[in-house]
Amino acid sequence: MVESSNFLQIINQAQRMDVDPPFQLTYKTLLEKTTEGATDHKDVVDIIEECELPLIDLGRLNLKNLEKEKCKSEIARASREWGFFQVVNHGISREILDKMRSEQVKVFKQPFNEKSKEEKFLNFSRGTYRWGTPTATCLKQLSWSEAFHIPMSEIQVSNGFSTALSSTMEQFATTVANLAQKLAEILAEKFGCKSDFIKENCLSSTCYLRMNRYPPCPIPSEVFGLMPHTDSDFLTILHQDEVGGLQLVKDGKWFAVKPNPEALIINIGDLFQAWSNDVYKSVEHRVVTNPRVERFSTAYFFCPSYDTVIQSCYEPSVYRKFSFKEYRQQVQEDVQKLGHKIGLPRFLV
């Protein structure tokens, strides 16, 4: 544990004010209370065992029926048992992934200035750019990261970002959207529901793209890069670098996910868990910070329209029916009041 009296000195020495958001100024009060917060946050400093997620070669979906069905079954099994898996031969070219990362780094490497960022990205809805955790009341609720969380409906070449980045985001999102639809159809088929529901409600215009940057953190034992949570969508597709930091819960224990530069990571969201009546699992995960190097990732959130009603295909249903809008509002309300998300337990029958 770092002594409270030394905290701000360490932060001030390490913070790169030209690029990084001013965490040390904005969260000065929380940092000064670190002795109290560190006790609650003890699990961050524990030694976490590393795991390799189930690895599935999607190229097998193009083979004969027996191998194709075996591949589908592996996708469903990983979604039931892990809630996470990784895929190779996924159809997104290395060129697109590399371009996406390159353009993303350029954006985050620009000097940090709140006003100039608001002006530069004025064409996107308010709140697209975010950093830290404004609602945090203690260190364990603070996320040491910054992100652009962008509705796909707003990603156009003429919009707020540079033409190169907008074009790259469109390329990335288009190819990833096709992958998300394919995986969702397989998962729906494997638990016996018609896949038309997802195809009709999860459109490219209702999904989100999130570009993340996790700056080096001088107090990695005290602060998360992204606090523990589940995703409020059907599926998330993640492209991450080789730094590592993603962790998930399996059998009640936290595991560190070993980075695989050739794979994309897929995880089940809350909506799929509810729709499948708990067949597939939306698993709690988090990102830990690194004291020396920054980490980048890009996530695609496969979401329905706000009016879409989520209702289990089977009876008795574990959850009452709810709209995506209602679910999002409840999550936001809980975060504001409690500092964290409750999620699906709010909607149990």
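No experiment lies behind these values; they were computed from the predicted model shown. Side chains are part of it too, since the values below use all heavy atoms of this structure and drop only hydrogens, waters and symmetry mates.
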If you group Ile, Leu, Val, Met, Phe, Trp and Tyr by side-chain heavy-atom gaps below 4.5 Å, do [X] and [Y] land in one group?
| X | Y | answer |
| --- | --- | --- |
| M169 | M152 | yes |
| V331 | F302 | yes |
| F172 | V105 | yes |

Can you see which heavy atom on [X] is nearest to which on [Y], and at what distance?
| X | Y | value |
| --- | --- | --- |
| P216 | V293 | CG-C, 3.8 Å |
| L55 | A263 | CD1-CB, 4.4 Å |
| Q273 | I268 | N-CG2, 4.3 Å |
| Y129 | E146 | OH-OE1, 2.5 Å |
| L238 | R295 | CD2-NH2, 4.5 Å |

Looking only at atom types and distance, does a side-chain atom of [X] sit under 3.5 Å from a main-chain N or O of [Y], one as donor and one as acceptor?
| X | Y | value |
| --- | --- | --- |
| S145 | G225 | yes |
| R101 | H239 | yes |
| S143 | T133 | no |
| T206 | C202 | no |
| Q104 | N212 | yes |
| T26 | F23 | no |
| S297 | Q240 | no |
| D241 | F296 | yes |

With [X], which residues qualify under side-chain hydrogen bond (donor to acceptor under 3.5 Å, both in side chains), at least two apart?
| X | value |
| --- | --- |
| Q171 | K99 |
| E67 | R60 |
| H285 | H229, D231 |
| N178 | none |

Hey, what do you get for [atom1] ([X]) to [atom2] ([Y]), rounding to the nearest 0.5 Å?
| X | Y | atom1 | atom2 | value |
| --- | --- | --- | --- | --- |
| Y27 | W144 | OH | CH2 | 10.0 Å |
| I266 | L187 | CD1 | CG | 10.0 Å |
| T168 | I96 | OG1 | CD1 | 9.0 Å |
| L53 | L246 | CG | CG | 7.5 Å |
| F324 | D307 | CZ | CG | 11.5 Å |

Give every residue pair that meets the disulfide (SG to SG under 2.5 Å) criterion with at least one member in [range], sequence neighbours excluded.
| range | value |
| --- | --- |
| residues 49-97 | none |
| residues 234-346 | C193-C313 |
| residues 315-349 | none |

What class does the angle between the rings of [X] and [Y] fall in, given that below 30° is parallel, 30 to 60° is tilted and above 60° is perpendicular?
| X | Y | value |
| --- | --- | --- |
| Y280 | F272 | perpendicular |
| W275 | F197 | parallel |
| H149 | F301 | tilted |

Item to complete: Pick out which of I186, L183, I56 makes a side-chain contact (heavy atoms from CB on, under 4.5 Å) with K72.
Response: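 Result for side-chain contact (heavy atoms from CB on, under 4.5 Å) with K72: I186.
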Discussion item. Centre-to-centre under 6.0 Å for Y327 and F322, is that the case here?
Written reply: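 Yes, ring centres under 6.0 Å apart.
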Connecting only ILVMFWY residues whose side-chain heavy atoms lie within less than 4.5 Å of each other, what is the rest of [X]'s hydrophobic cluster?
| X | answer |
| --- | --- |
| L203 | none |
| L338 | I342 |
| V349 | none |

Discussion item. Within the 4.5 Å heavy-atom criterion, are E185 and E189 side-chain neighbours or not?
Written reply: no
Worksheet entry | Heavy-atom side-chain proximity of T230 to K341 below 4.5 angstrom | yes
Ion pair [X]/[Y], N-O distance below 4.0 Å:
| X | Y | value |
| --- | --- | --- |
| K250 | E49 | no |
| K190 | E69 | yes |
| R346 | E333 | no |

I'd like a table of donor-acceptor pairs (distance under 3.5 Å, sequence neighbours excluded) in which one partner is a side-chain atom from residues 77-84, with atom names and distances.
| residue | atom | partner | partner atom | Å |
| --- | --- | --- | --- | --- |
| S79 | OG | I75 | O | 2.9 |

Fill in: L348 atom CG, neighbour heavy-atom count above 12 within 6.0 Å
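Counting other residues, nucleotides and ligands, CG of L348 exceeds 12 neighbours.
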Worksheet item: Regarding R328 and the six-membered ring of Y208, is the cationic atom NZ or CZ under 6.0 Å from the ring centre and inside 45° of its axis?
Response: yes
Fill in: With Y314 via side-chain contact (heavy atoms from CB on, under 4.5 Å) - residues at least two apart
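Counting only residues at least two positions away or on another chain, Y314 forms a side-chain contact (heavy atoms from CB on, under 4.5 Å) with F191, N277, S312.
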